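Encoded as structure tokens, the structure appears first; notes follow it.
Whatever order the structure lists them in is the order used to number ligands and atoms, beginning at 1. This structure is a prediction, so every number in the text was calculated from the model and none was measured.
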Amino acid sequence: MEIDEAIRESDDRRLKTKYNNAIYVIRRALALYSVEEVALSFNGGKDSTVLLHLLRAGYFLHKREQSHSNGVLTDHEVAFPIRTIYFESPSAFPEINSFTYETATTYGLQMDIIRLDFKSGLEALLEAKPIRAIFLGVRIGDPTAVGQEQFSPSSPGWPPFMRVNPILDWSYRDVWAFLLACKIPYCSLYDQGYTSIGSVHDTVPNALLCVNNSSSSKEKFRPAYLLSDGRLERAGRAKKFSLPVCRPAYPAVSNGMISVDSNKNSTLTATVLGVGDEILFGTVEDELGPSLCRKLHSIGWSVSQTAVLRNDVDSVAEEVERWKSTNDVVFIYGGVGPLHSDVTLAGVAKAFGVRLAPDEEFEEYLRHLIGDHCTGDRNEVICSHGTTCYCYFYCIHFNARDTL
Ligand SMILES: Cc1cc2nc3c(=O)[nH]c(=O)nc-3n(C[C@H](O)[C@H](O)[C@H](O)COP(=O)(O)O)c2cc1C
Ligand SMILES: Nc1ncnc2c1ncn2[C@@H]1O[C@H](COP(=O)(O)OP(=O)(O)OP(=O)(O)O)[C@@H](O)[C@H]1O
């Protein structure tokens with residue numbers, strides 16, 4: 001099986017681990033459900049392309065084990081029988097549609113094209129077919145991944161099925177490492193600078209991949225796999241802001257970058273929160289809060305609220321919850337160290353209803369940057385991908401004598 005062989009031949013240890021874990025999840029699902037009871041949700045995007053090939057490999061290994069043939073099965077003997085579903089939307093990119101159809105032909109996929117919204121389409125599908133589990137290419141960091149595990153029952157109000165997410169813990173870089181190591185064909189838009197693809201109405205190439213070319217009026221973009229910071233993969237997707245009605249028109253999104261039109265009276269408002277008993281009790285002077293306020297005022301922002309909070313998860317959660325929907329940005333500082341009393345991350349996570357998870361890729365980058373100076377505490381990231389905001393927190397701990 002070409003995928004399994006390519007991974008075995010690769011010397012990327014991280015990729016091997018991610019692959020093995022994903023294959024384990026797939027094989028568990030195939031042991032729990034019959035082939036008729038599972039489906040692959042495929043939309044021609046990079047994540048579902050990874051998933052398709054993992055599923056092909058997982059199914060091959062599952063079949064080989066069942067037939068006790070110890071590797072003598074060939075790819076041709078193992079057709080891929082898993083039902084594939086594609087929700088085709090009128091606003092999908094033509095390149096996505098053609099890639100999806102071509103892939104179905106190449107790998108002999110039995111593809112059901114569904115032209116309904118997700119929920120109604122799944123209701124109709126489950127009425128007609130005995131589907132009990134659906135494989136998805138959802139990854140931590142996707143807005144829809146919040147609260148999901150590798151096996152997550154569908155949400156209340158949705159038809160009942162198990163969502164199986166074998167690549168939930170894969171990073172952007174893992175996705176590209178896999179596609180490139182296994183030489184897997186992918187949708188051509190990714191070579192034109194698109195890094196995550198929604199509809200034609202809300203997706204543009206990622207500005208971070210733009211190549212400055214003064215000789216041509218047409219912007220050029222580097223391929224998606226060259227995006228160095230995978231956390232910015234959705235920078236080409238328009239964000240859905242929900243702003244209070246009295247707010248001036250929000251700056252337009254173009255290429256994923258927000259530009260504030262200085263001619264419009266678009267003052268941004270911020271809340272500044274400090275966390276720490278030591279500031280509250282006056283044993284440490286708070287220099288950061290006042291200097292941040294001065295800085296914000298100097299660039300035309302309005303600070304609507306400042307407060308110093310106790311080292312208490314609920315106090316932090318309550319204040320963040322209170323200000324996050326009425327302000328453009330909530331700044332929070334203090335309490336991000338490794339001690340039990342450092343509760344800021346937990347408080348923010350609670351305010352957004354998400355859990356903390358380590359960001360392995362960023363940790364690796366910091367270790368590379370800092371090397372021996374790093375004391376070994378884990379960096380943590382909060383991925384809070386509601387419709388209105390993203391929060392990332394990192395903490396690095398240095399020995400007192402170290403400087404950057
Ligand atoms: C097969 C499948 C199953 C889904 N199951 C659920 C679900 O159980 N609960 C839910 O809220 N959304 C579910 N969704 C919807 C997705 O979470 C999400 O809204 C969708 O992928 C659109 O993402 P986008 O806005 O990034 O395009 C499902 C979507 C698909 C394709
Ligand atoms: N229109 C659709 N039809 C079928 N499955 C879909 C559809 N939209 C989303 N999905 C499922 O949800 C998963 C997550 O979607 P998402 O858009 O995050 O990833 P992707 O499209 O594979 O890659 P990208 O982030 O580059 O667009 C997909 O991998 C796929 O399993």
Nearest heavy atom to [atom] wins, so pick from [options].
{"atom": "atom 22 (O) of ligand 2", "options": "Gly236, Ser48, Cys187, Ala39", "answer": "Ser48"}
{"atom": "atom 1 (N) of ligand 2", "options": "Tyr194, Tyr86, Phe87, Phe135", "answer": "Phe87"}
{"atom": "atom 6 (C) of ligand 2", "options": "Gly121, Ser41, Ser89, Gly137", "answer": "Ser41"}
{"atom": "atom 29 (C) of ligand 1", "options": "Tyr86, Phe118, Phe161", "answer": "Phe118"}

Keeping the roles fixed (side chain from [X], backbone from [Y]), state whether a donor-acceptor pair exists under 3.5 Å.
{"X": "Ser48", "Y": "Phe42", "result": "no"}
{"X": "Lys16", "Y": "Arg8", "result": "yes"}
{"X": "Asp142", "Y": "Arg139", "result": "yes"}
{"X": "Lys46", "Y": "Thr195", "result": "yes"}
{"X": "Ser304", "Y": "Ser302", "result": "no"}
{"X": "Asp342", "Y": "Leu339", "result": "yes"}
{"X": "Lys18", "Y": "Asp169", "result": "yes"}
{"X": "Thr103", "Y": "Phe99", "result": "yes"}
{"X": "Asp286", "Y": "Ile279", "result": "no"}

Does some side-chain heavy atom of [Y] sit less than 4.5 Å from a side-chain heavy atom of [X]?
{"X": "Ile96", "Y": "Tyr86", "result": "yes"}
{"X": "Pro205", "Y": "Glu219", "result": "no"}
{"X": "Tyr194", "Y": "Glu95", "result": "no"}

Side chain, backbone, both or neither: which part of [X] has a heavy atom under 4.0 Å from ligand 1?
{"X": "Leu122", "answer": "side chain"}
{"X": "Leu136", "answer": "side chain"}
{"X": "Gln148", "answer": "neither"}
{"X": "Ser155", "answer": "both"}

Do the ring planes of Tyr186 and Tyr190 sit parallel (below 30°), tilted (30 to 60°) or perpendicular (above 60°)?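 The arrangement is perpendicular - the two ring planes meet at more than 60°.
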NZ/NE/NH1/NH2 to OD/OE distance under 4.0 Å, Lys119 and Asp117: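 Between Asp117 and Lys119 there is no salt bridge, as every charged N stays at least 4.0 Å from the carboxylate O atoms.
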Scan Val329, Leu292, Val308 and name whichever one has a side-chain contact (heavy atoms from CB on, under 4.5 Å) with Val272.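 That would be Leu292; it is the only one of Val329, Leu292, Val308 passing the side-chain contact (heavy atoms from CB on, under 4.5 Å) with Val272.
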Taking N or O atoms only and a 3.5 Å limit, does Val138 qualify as a polar contact for ligand 2?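 N/O-N/O distance under 3.5 Å: no.
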Please confirm whether Lys46 comes within less than 3.5 Å of ligand 2 when only nitrogen or oxygen atoms on both sides are compared.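 Yes; at least one N/O pair falls below 3.5 Å.
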Would you mind listing which atoms of ligand 2 come within a distance below 4.0 Å of any non-hydrogen atom of [X]?
{"X": "Gly45", "value": "20 (P), 21 (O), 22 (O), 23 (O)"}
{"X": "Ile85", "value": "4 (C)"}
{"X": "Tyr190", "value": "23 (O), 24 (P), 26 (O), 27 (O)"}

Can you tell me the protein heavy atom closest to [atom] and the distance?
{"atom": "atom 27 (O) of ligand 2", "value": "Ile197 N, 2.8 Å"}
{"atom": "atom 11 (C) of ligand 2", "value": "Leu136 CD2, 3.6 Å"}
{"atom": "atom 15 (O) of ligand 2", "value": "Asn43 ND2, 4.3 Å"}
{"atom": "atom 16 (P) of ligand 2", "value": "Asp47 OD2, 4.3 Å"}

As an exercise, identify every atom of ligand 1 less than 4.0 angstrom from a heavy atom of [X].
{"X": "Arg237", "answer": "26 (O)"}
{"X": "Ser41", "answer": "1 (C), 31 (C)"}
{"X": "Ser154", "answer": "8 (O)"}
{"X": "Arg163", "answer": "5 (N), 6 (C), 7 (C), 8 (O), 9 (N)"}

Answer side chain, backbone, both or neither: which part of [X] comes under 4.0 Å from ligand 2, heavy atoms only.
{"X": "Phe42", "value": "backbone"}
{"X": "Thr49", "value": "neither"}
{"X": "Asp142", "value": "side chain"}

With a 4.0 Å cut-off on heavy atoms, is Lys119 touching ligand 1?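 Under 4.0 Å: no for Lys119.
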